[in-house]
K.L.:
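Here's a structure for you.
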There are 2 protein chains.
Amino acid sequence: MPSSTVENYLKQIFLEQQINGNDIVAMGKLSERMEVSPGTATSMVKLLDKSGLVNYEPRNGSILTNKGSEIAIHVLRRHRLIELFLVKELGLDWSEVHEEAETLEHSISDKVLEKIDIKLGHPSVDPHGDPIPSAEGKIERKKLVNLADCHAGQVARIGRILDQNSEFLKFINKYGIRPGQIVEIKDHDTIADAVNLAPKNNQPVTLGMHAASKISVEIIDKSSKNEINKRQSQSSNT
Amino acid sequence: MPSSTVENYLKQIFLEQQINGNDIVAMGKLSERMEVSPGTATSMVKLLDKSGLVNYEPRNGSILTNKGSEIAIHVLRRHRLIELFLVKELGLDWSEVHEEAETLEHSISDKVLEKIDIKLGHPSVDPHGDPIPSAEGKIERKKLVNLADCHAGQVARIGRILDQNSEFLKFINKYGIRPGQIVEIKDHDTIADAVNLAPKNNQPVTLGMHAASKISVEIIDKSSKNEINKRQSQSSNT
DNA sequence: ATTTTTATTTTGATTAACCAAAATTATGTT
DNA sequence: AACATAATTTTGGTTAATCAAAATAAAAAT
């Protein structure tokens with residue numbers, strides 16, 4: 001049974017792989033994510049390699065094995081189900097559940113986890129819009145696009161909020177912008193550096209491009225002129 | 001912030017004090033409860049003494065300070081609220097929640113704990129009938145009596161089940177014997193070495209004296225069989 | 001009052017995680 | 001190519017929690 005430290009290393013490697021296209025993860029990046037000294041990360045990764053959880057290439061970095069990946073995904077499942085549970089069942093604010101889940105993800109048994117999963121009706125996304133892996137480890141991956149790259153006339157579903165900042169979350173939530181919500185892009189003005197969007201059943205709201213770039217969406221209706229989406233939507237946290 | 005190891009030491013000392021009349025706890029007893037070698041317990045207790053959580057008398061034993069007691073009670077509150085939550089909200093069986101709570105009691109934040117407390121309606125006993133300390137650390141202490149010492153005609157509320165054995169719990173549960181349940185003692189026969197009791201809305205059951213001694217109750221009506229008992233309202237706590 | 005038994009403490013070692021700082025190797029720049 | 005910079009690994013050391021086995025002290029039995 002992996003310690004919670006080991007689980008965290010695997011999780012961080014996994015998350016980093018997610019945004020770098022499954023490339024090998026540099027020791028610097030890992031030690032930064034884990035908030036430990038580089039030397040510590042090195043010796044840890046050697047141990048993980050020895051137990052067959054990562055492949056470690058000295059002077060280069062490390063990448064998860066299947067076994068390591070499985071564990072990481074399971075941790076992520078726990079984390080995200082717990083987050084949703086805390087919001088939906090216990091009424092915590094979505095801005096505060098991340099920290100809570102950070103510790104609970106290592107102490108909840110599979111038995112309790114599955115009860116939670118049932119109670120929530122086998123949900124597929126957590127309160128930040130991050131996908132919840134299935135019990136079998138499958139992650140439903142949607143092609144998300146940055147809101148700042150959308151065009152006027154498009155209809156989209158809010159996917160993920162990339163900024164976990166509590167103030168930001170409260171702000172957008174107030175205007176009806178939250179994962180799952182359908183919105184229509186009313187206007188995208190490069191000169192004004194702003195996007196105007198109307199969440200269904202809500203007043204339209206105008207966001208500056210910087211704020212818009214913290215929100216990634218899934219395009220439902222491409223009905224406007226077609227262009228290439230350049231900005232990548234990346235996940236910041238779990 | 002005390003480590004979960006420290007929390008466990010304090011909890012075990014507290015529990016042992018409870019049953020030995022707040023006397024000093026011998027190192028042997030502690031090391032046995034903690035399932036560590038005697039030497040380990042000794043060195044740990046020295047540290048606890050240094051941090052003002054216990055008073056350690058070499059060659060004699062240790063006893064909690066107020067500070068240590070406060071922490072122990074808080075851990076117990078967490079443990080018991082979690083147990084009840086797992087049974088009531090997530091539908092786990094009361095025979096399996098003890099183990100789960102054993103780890104969760106160290107990782108749940110006070111914020112989440114209070115949400116759970118609210119959701120459960122500030123309960124005062126856990127699924128085994130053990131009292132749940134209040135947020136302020138008060139423990140409601142009822143005068144409980146052994147079922148084996150009750151007399152025919154008495155009406156009592158099941159208090160605690162002293163045997164955590166899963167089979168036993170399942171058995172008595174099947175016959176409606178569980179904490180909070182009101183029962184009437186129909187017969188107490190020393191010769192037959194048995195007690196016959198009728199849980200409200202259930203068939204009467206006969207228990208051998210040994211089994212009966214694993215159940216402690218709170219006497220509600222001391223009247224012997226010469227009086228008509230008026231029913232009082234009961235809570236539907238399970 | 002000795003001896004034996006039991007309880008407790010000490011000693012020396014181990015393991016998982018960590019750090020700081022020195023040594024090494026790659027990378028980038030002139 | 002030679003030097004400077006950045007990333008990585010090594011080295012030596014720390015802390016919390018543990019154990020086994022030796023040493024000591026207290027309690028019980030003879």
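Order of the sequence lines fixes the chain letters, A, B, ..., with proteins taken first and strands second; residue numbering starts at 1 for each chain. Quick note: numbers below take in every heavy atom, side chains included, and nothing from hydrogens, waters or symmetry partners. Computed from a prediction, not measured in an experiment: that's the story for all the values here.
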K.L.:
Which atoms of nucleotides 18-22 of chain C (N or O only) lie under 3.5 Å from a protein N or O atom, and what are those distances?
P.N.:
from	atom 1	to	atom 2	distance (Å)
C/dC18	OP2	A/Tyr9	OH	3.2
C/dC19	OP2	A/Ser37	N	2.8
C/dC19	OP2	A/Ser37	OG	3.3
C/dC19	OP2	A/Thr40	OG1	2.8

K.L.:
How is A/Ala26 classified with respect to the nucleic acid when contacts are heavy atoms under 4.0 Å: base, sugar-phosphate, or nothing?
P.N.:
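Sugar-phosphate contact only.
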K.L.:
Please tabulate, one pair per line, all N/O donor-acceptor pairs under 3.5 Å involving side-chain atoms of residues 43-50 of chain A, not counting sequence neighbours.
P.N.:
from	atom 1	to	atom 2	distance (Å)
A/Ser43	OG	A/Gly39	O	3.0
A/Ser43	OG	A/Thr40	O	3.2
A/Asp49	OD2	A/Tyr56	N	2.8

K.L.:
When you measure from the side-chain N and O atoms of A/Lys46 to the phosphate of D/dT9, is any distance below 4.0 Å, counting only OP1 and OP2?
P.N.:
no
K.L.:
How many whole angstroms separate atom NZ of A/Lys29 from atom P of D/dT8?
P.N.:
11 Å
K.L.:
Given atom CG of B/Leu48 and atom P of D/dA16, what is their separation to the nearest angstrom?
P.N.:
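For the pair B/Leu48 CG and D/dA16 P, the rounded distance is 12 Å.
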K.L.:
Identify, with sequence neighbours excluded, every residue that meets salt bridge (charged side-chain N to carboxylate O under 4.0 Å, His left out) alongside B/Asp117.
P.N.:
B/Arg77
K.L.:
Starting at atom CD of A/Gln12, determine the distance to atom P of C/dA17, rounded to an integer number of angstrom.
P.N.:
16 Å
K.L.:
Which whole-number value in Å describes the distance from B/Glu57 CD to C/dT9 C1'?
P.N.:
16 Å
K.L.:
Taking N or O atoms only and anything under 3.5 Å, show me the protein contacts with nucleotides 25-27 of chain C, one pair per line.
P.N.:
none

K.L.:
Can you say whether the rings of B/His98 and B/His128 are parallel (under 30°), tilted (30 to 60°) or perpendicular (over 60°)?
P.N.:
perpendicular
K.L.:
Evaluate the side-chain proximity of B/Arg78 to B/His74: yes if any heavy-atom separation is below 4.5 Å, no if none is.
P.N.:
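When only atoms from C-beta onward are counted, B/Arg78 and B/His74 do touch, with a gap below 4.5 Å.
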K.L.:
Testing the basics here: between B/Lys111 and A/Leu92, what is the closest heavy-atom pair and its distance to 0.1 Å?
P.N.:
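Residues B/Lys111 and A/Leu92, closest heavy atoms: CD-CD1, 4.0 Å.
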K.L.:
Heavy atoms under 4.0 Å, any strand shown: does B/Ser3 hit a base, just sugar-phosphate, or nothing?
P.N.:
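Result for B/Ser3 = sugar-phosphate.
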K.L.:
What's the CZ-P distance between A/Arg33 and D/dA7, to the nearest Å?
P.N.:
17 Å
K.L.:
Can you name the nearest heavy-atom pair linking A/Gly68 to A/Leu10, along with the distance?
P.N.:
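So the two residues come closest at O-CD1, 4.1 Å.
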K.L.:
Nearest-Å distance, CG (B/Leu53) to P (D/dA16)?
P.N.:
14 Å
K.L.:
Side chain to side chain donor-acceptor pair (under 3.5 Å) with B/Asp23: which residues, sequence neighbours excluded?
P.N.:
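Listed in chain order: nothing, the list is empty.
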K.L.:
Of all residues at least two apart in sequence or in a different chain, which pass the salt bridge (charged side-chain N to carboxylate O under 4.0 Å, His left out) check with A/Lys88?
P.N.:
none
K.L.:
Report the distance from atom OH of B/Tyr56 to atom C1' of C/dT10, rounded to the nearest whole Å.
P.N.:
11 Å
K.L.:
On a heavy-atom basis, which atom in B/Phe14 and which in B/Ala72 lie closest, and how many Å separate them?
P.N.:
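In terms of heavy atoms, the two residues are closest at CB-CB, 3.6 Å.
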K.L.:
Rounded to whole Å, how long is the line connecting atom CE of B/Met27 with atom P of D/dT18?
P.N.:
13 Å
